[in-house]
Structures are given as structure tokens and as C-alpha cells.
2 protein chains.
Amino acid sequence: MTNIRDVAKRANVSISTVSRVLNHQEIVTPEKREQVLQAIEELGFQPNGLARGLIHGRTQTIGVIVPDISSLTFAEIVHGMEEMAHMLGWNLIICSSNGDLNRISSYLQMFGEKRVDGIAYTKIPVNDEQYEILTRLSIPVVLVATRSEYPLYTVFVDREQASCDAVQYLIQKGHRKIGLLSGPINDTISSLPKLNGYRKALQISGLAYNPDYVYCGENYLIDNGKTGIEVILEKTPDLTAVFATSDEMAFGIYSYCFEKGIRIPQELSVIGYDGVRLSSMFTPPLTTISQPHYEIGEQAISKLVDLIHARVIERIHPIDYQILERESVLDLTRI
Amino acid sequence: MTNIRDVAKRANVSISTVSRVLNHQEIVTPEKREQVLQAIEELGFQPNGLARGLIHGRTQTIGVIVPDISSLTFAEIVHGMEEMAHMLGWNLIICSSNGDLNRISSYLQMFGEKRVDGIAYTKIPVNDEQYEILTRLSIPVVLVATRSEYPLYTVFVDREQASCDAVQYLIQKGHRKIGLLSGPINDTISSLPKLNGYRKALQISGLAYNPDYVYCGENYLIDNGKTGIEVILEKTPDLTAVFATSDEMAFGIYSYCFEKGIRIPQELSVIGYDGVRLSSMFTPPLTTISQPHYEIGEQAISKLVDLIHARVIERIHPIDYQILERESVLDLTRI
DNA sequence: CTGAAAGCGCTTACAG
DNA sequence: CTGAAAGCGCTTACAG
């Protein structure tokens, strides 16, 4: 591999001059600059980013931790991150934890050794050990789509409020017997706030909370939606609407209803959560809460870069969500 | 940030000794080793990966180029890459090109400057400019899920053969009027081989190729499936089966058929391509060609690491696919 | 404007 | 077994 010395030799200048040309410093005379540029071209020289990084203490690299990159949600978040990072001139090292906390710790360690300039920490709750590593590293961190009791910068959607809105939407359409298809209840980042939002909406409208209307699955996938709705309907056949806390679960409900001949929304109204692309193609199209994953990713990187540049930012950066009104909820008030 | 010198001072040894402890060289006496380890612990010292990389000319980093990380396919490929990379002790820098060739070139450039040890180049065809950059870089490259006229290492599924199999499966089930929902025909990586496979299957069975049975969409998404099937059925209402070259397009067909009251598979058989998770939850479950994306990702990294270690590998590494037989194809021979 | 020199934080022959 | 020194490929005051 050619280095700056080879270029200098070929261009008959010192390495300092080559370096100056490389860094677009205008003080170099046009002739020398030309010589250098030509030598670079001829030798196919590429400056060594490691050496540069070593000197500047800056790598233009951001480390990203996601639980699982093959999930639609994270893939979209990462995509948003990618675009923003590219725009601002940063690169991403992306690591899937698969929910393994040890693995997260080892990734954080690696981020430290690789001297990334910032870390985007997605979705997984920050435990004591990781918080300790994070602070020891003293690298700027932004939490994405998650919250934490630790004082960390955060870009997120208020799931509790969004869920409350979803359920209130159903109530407003005249529904009173409303089911909830929840994820695992020990998932404090995602499931718990959604459950809380559900309860809050009921409370606001003076409706009683009835555990029979609630099913907690092990995850947010289709199968859990399918079995979940079955379980709820067995206990409470008078159900008129369900809030599925993921579009995939909602799809499971569709599948169940199709098999049993239950018509949506005539016999059962469904509202989802996520706003994945496919949801608009369900039959009927799914009414759902849209979380702008792409934008979350963008904002996360944007804020992180602000932090890296030591700009002052708000600790909490909420992202707007909206209800995508489609055709899966029946308006009982108009009947 | 503490460095090796601080550690040496605190442990009352030379930096050489610290370095030896860091690199697990056994020649250090237990006492000194202990002192050093303790100093590292107390100072929270982390070796600087940049300095190490500078010396070794090795970064334990692999650059990955994908067209769009938020697509299901690539998200899964990347996931497989991630897992294998983690297992083998490598890290991934992942870059979405969004199909922009200039952007790919700039990413390759960046990979060079960052001195990645290897490059996984996914899906997009390699043009002259990129091939030139790639060779100039002299960094090991593996092509993933794509082929090229250039002599590059390749991990891929034989789409032509897989498509041929899919269509032959339909023929074997007694279908003779078989439609094709294709992607853009100028996509030589993905669409063209699938079209060729379709024609090959017809030819083998002595069936004529009729362009009226073929629709080429602009992409592989749902909408194109929906309009595609509409267009084909208008021209050729006698159609009994369709090969949709993506599961998403197949889903578009489902959507269309549901609206028009066309029953699958009784009135129209559908076979898909991809084997995405959701396809098993379609109503009826979709028969489809499964491409093991995750495994493709794993193999790509595994082969790339072999290359980096200068091990000899086969130039072409085909990945097995299979037909997931489910319920969307009617067996006409049993009627 | 330009070059020689020091230094970024490590590793690794080379003596001892 | 251990330390001083050179060197990886750059950047950047410092003289001139």
C-alpha cells in the first residue's frame, strides 16, 4: 500500500505539503498542489483513515446497537439512521444483540476500542452494567425508541400516550368491550407503557379494567395474535374491538377471523400498532398507530451528531405518531 | 483517555510489558502481569484499536454494501452476516446504497480509507467503475446474492433454476396457462434470471411462451402484484396459475382476488418467491420458493473471512433453495 | 509557502 | 524475562 511518503517522493515535495493538499489547506502553491494531486492519482494513493483517526481522536464512525436487525421495525430505524449518517458524513457500525446482554456489553467494549465518536443504543433497556460501561467510555450516547431511569439523551415515541389514543379512538367510535393483545409484560420498554396507555384510556372514560380482556403473548409476532384473540374471545365473546399492540399481531387476528368466519370490522374491530407497509394491504386495510421508524432513526443520528459536536440538545426528544384511519374499525355510533 | 504509558507508569513496568500482557504473551512473569492487570483495571484502560490497526494493517472490520437495509430480504441477509461475523470476531460497517451508483463508489472509497479487511457486495450489479475501484483497493471481495461477468467470488442462489423449478412445479400439478409477475426486466440480477427460468420450464415441457401471460412491474412490491394480475387476467382470463417472483407481489394477487371474489387456489393457483415469514400466514398459506437469506448472509461472511485469511475457496458458492409446499396451488391432476 | 521534527498509541525485533 | 528504540502513516506547531 502506498503511503504519503511515496506520494511526497514522486511529487518532489515534503510529506507536510502532501498532507496539506490532502486536507485542502489553501496555502499550497498551485504548482505544487498540481504535482501532488498528480502523484496521488498515478499511485492510486488513499490516505490511511486509521492514522488520521489516531491523531484526531475522531473516526467519523457511530456505533449502533439493535436487538435484531431483521425485524421490520429496526430495519426501518436503521435505514433512517443510515441516510442521515451518510448525509452528515458519518458511518455506522451496526450490531445486533439478539437480546443477549453480555453481547451488548462486549459490543460496547468494542465501540470503545474502535473509538467510535458516538453510540446509538436502541430499544433494549439499559441495565446497571451497561450504564457503567457507557459512562466509563465517555462517548456520547443517544437512546433510541427506549427510555431509561438513567440520565441519557433519548429519541422516542411516547408509547403510553399513543396507546391511550388508540384505545380512546375505539371508545370514541362507540366501543366499550375492548380487548388488548399485549407483548410480554416484563418488557418494560414496549409492552408495559402500552398496557398502561390502555388502562389510562379506560379510566379516562370511566370504564372498568377487566383482565379477561387482556392477553399477554411472548412476543409481537403473528402466532401470538392468533392464539391471543382466541383466548380472549373464549372468555369474553361479547368483545367488539381489539387493540393489537403490533401490526403483526393484528395480522394474526385477521387470520383467526378469516378461519372462523368472523367479519372485520362488522363483527370485530381491530386497531394495530406500528404502521408497517403491509398493513395497508390487509383485507380490510388496517387502522393502526403509525410510528415513524425511519424518522426516529434520522433524528437519533442527527441528535447524536449534535452531541458529538458538543452542541446543547434537549434530553428528551419525542417523535410524533399518528393514527392511520383505515377500514378495520366499525363506527358503532353511526348504527 | 488513558494510554499504555499511563498503565506502564502505574504498574512500574515498561510499555513493552504492558503490551505483552495485552496480547496475552505468556513470557511475562506472573507478578508483573498481575501489576499490569490491576493498573488496567484501576485506570479503566482500553487499548486504542486505531493504533493497533495501524500497525497490523488489520481492522477486524468488514464493509457491507446493500441496496436497502429496510427491505425484508436484505435485513435477513445482514442479520445472517452479523451473526457469523460476531462468531468469527469481526465487525460490520453496513452501507445502504439506495441504488445510487455514485454512492456505492464513495462507500468503496471509504472502505479503502478505513482499511476494512474485506467487502461484501450485495445484490447490485458491479459496473466497470466499481470493478476498477474494487481491484485498485486490493481488498478481498465477496459478491452476495448477485452475479457478475467479472471474476469475483460469489455466494448466491441460482434464481434461474429456482424459478424454473417453481414453474415446473405448477406444470406438474397440471397447469398449462401460467402467468408470470416479473420485476423490472432491466434488473439483470434478479428479474432476468427469473424470466429465463420461467421460459426454460415452459420449453422443457413443450409449452409455448406467450407474452400476454407476463407482466413486468417496476419493482417487487404489493401494488405491482395487484395491478399485474389485473392486467394479465384482462388479456388472458383462462389463466389457472401464476408465478409471482416475490412474496409481496403474491400478496398483491391475494388482495386483488379477495376484492374480486376469486378464490385461491380453487380458481387461481399462486406460487411465490422468497419465503418471507408472513407468507405462511396468508389465507391460504402461500406455496413459495424459499431462499435462505439468513444462511446466504452467514456463508458470505464465512467465505469472505476465508479469503481474508488467504485460504483457497471456490469461486462460486451456490446456496440451496427449496419449495415450501403449502396451500395456494391446486392440483389439477387429481380432479 | 515549505520542510524537519515531534507526536498520536501502539507493537515488535533487538539487546541485555 | 524485560526495556529502549524504531516504526506504523499521518498531522501540526515551529522555524525559516
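Here is the naming used below: chain letters follow the sequence lines, and residue numbers restart at 1 for every chain. Just the heavy atoms: all of them, side chains too, but no hydrogens, waters or symmetry mates, feed the values below.
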Q.
Nearest heavy atom decides the nucleotide; on that basis, is A:N3 or B:K32 closer to the 5' end of DNA chain D?
A. B:K32
Q. Paired stems touching DNA chain D, three or more consecutive Watson-Crick or G-U pairs with both distances under 3.5 Å?
A. C:1-3 with D:14-16, C:5-12 with D:5-12, C:14-16 with D:1-3
Q) What's the verdict on side chain to side chain donor-acceptor pair (under 3.5 Å) for A:E82 and B:N98, showing C-alpha distance, side-chain angles and the deciding distance? A) CA-CA 10 Å; A:E82 254 285 321; B:N98 281 342; over 6 Å; no
Q. Taking only residues at least two apart or on different chains, which pairs with a member in residues 9-19 of chain A satisfy salt bridge (Lys or Arg N to Asp or Glu O under 4.0 Å)?
A. A:R10-A:E42
Q | Exam field: side chain A:T61 to backbone A:T59, donor-acceptor pair closer than 3.5 Å | A | yes
Q) Taking NZ from A:K114 and C1' from C:dC10, how many angstroms apart are they, rounded to a whole number? A) 16 Å
Q) Within the structure shown, what part of the strands sits under 4.0 Å from A:L50 by heavy-atom distance: base, sugar-phosphate, or nothing? A) nothing
Q: Give the ring-plane orientation class for B:Y131 versus B:Y150, where under 30° counts as parallel, over 60° as perpendicular and anything between as tilted.
A: parallel
(Q) By the 4.0 Å heavy-atom rule, please label B:T17 as base, sugar-phosphate, or nothing. (A) sugar-phosphate
Q. More 5' along DNA chain C: B:A51 or A:V13, using each one's nearest nucleotide?
A. A:V13
**Q.** Rounded distance in Å - CD1 (B:I4) to C1' (D:dA4)
**A.** 14 Å
Q. Within less than 4.0 Å of OP1 or OP2 of C:dT11, is there a side-chain N or O belonging to B:R52?
A. yes
Q.
Please determine whether side chain to side chain donor-acceptor pair (under 3.5 Å) holds for the pair B:Y153 and B:D306, giving the CA-CA distance in whole Å, both sets of side-chain angles, and the decisive distance to 0.1 Å.
A. CA-CA 11 Å; B:Y153 292 90; B:D306 281 347; over 6 Å; no
Q. Going by modelled atom types, is there a donor-acceptor pair between the base of C:dG3 and the side chain of A:R20 at under 3.5 Å?
A. yes
Q) For A:V144 and A:I296, what are the C-alpha separation, side-chain angles and deciding distance, and is it a side chain to side chain contact (heavy atoms under 4.5 Å, CB included)? A) CA-CA 7 Å; A:V144 187; A:I296 291 173; 3.5 Å; yes
Q) Taking OP1 and OP2 of C:dT2, is either one under 4.0 Å from a side-chain nitrogen or oxygen of A:T29? A) yes
Q | Whole-Å gap separating P (C:dG7) and NE2 (A:H56) | A | 17 Å
Q. Taking atom P of C:dC8 as reference, at what distance in whole Å does atom CZ of A:R58 sit?
A. 19 Å
Q) So, is A:N48 close to the D:dG9 phosphate, meaning a side-chain N or O under 4.0 Å from OP1 or OP2? A) no
(Q) Measure CG/B:L22 against P/C:dC10 and give the value in whole Å, please. (A) 8 Å
Q: Check whether any side-chain N or O of A:N23 sits under 4.0 Å from OP1 or OP2 of D:dT11, and answer yes or no.
A: yes
Q) OP1, OP2 of C:dA4 versus side-chain N and O of A:S14: anything below 4.0 Å? A) no
Q) Taking only side-chain nitrogens and oxygens of A:S16, does any of them come within less than 4.0 Å of OP1 or OP2 of C:dG3? A) no
Q.
Between A:S191 (side chain only) and A:P184 (backbone N and O only), is there a donor and an acceptor less than 3.5 Å apart?
A. yes
Q: Round to the nearest Å and state the distance from B:I15 atom CD1 to D:dG7 atom P.
A: 15 Å
Q: Among A:I4, A:V18, A:L22, find the residue that satisfies the side-chain contact (heavy atoms from CB on, under 4.5 Å) test when tested with A:V36.
A: A:V18
Q. Atom CD of A:Q46 to atom C1' of D:dG9: distance rounded to whole Å?
A. 14 Å
(Q) Nearest whole Å is fine: how far is D:dG9 P from B:E113 CD? (A) 15 Å
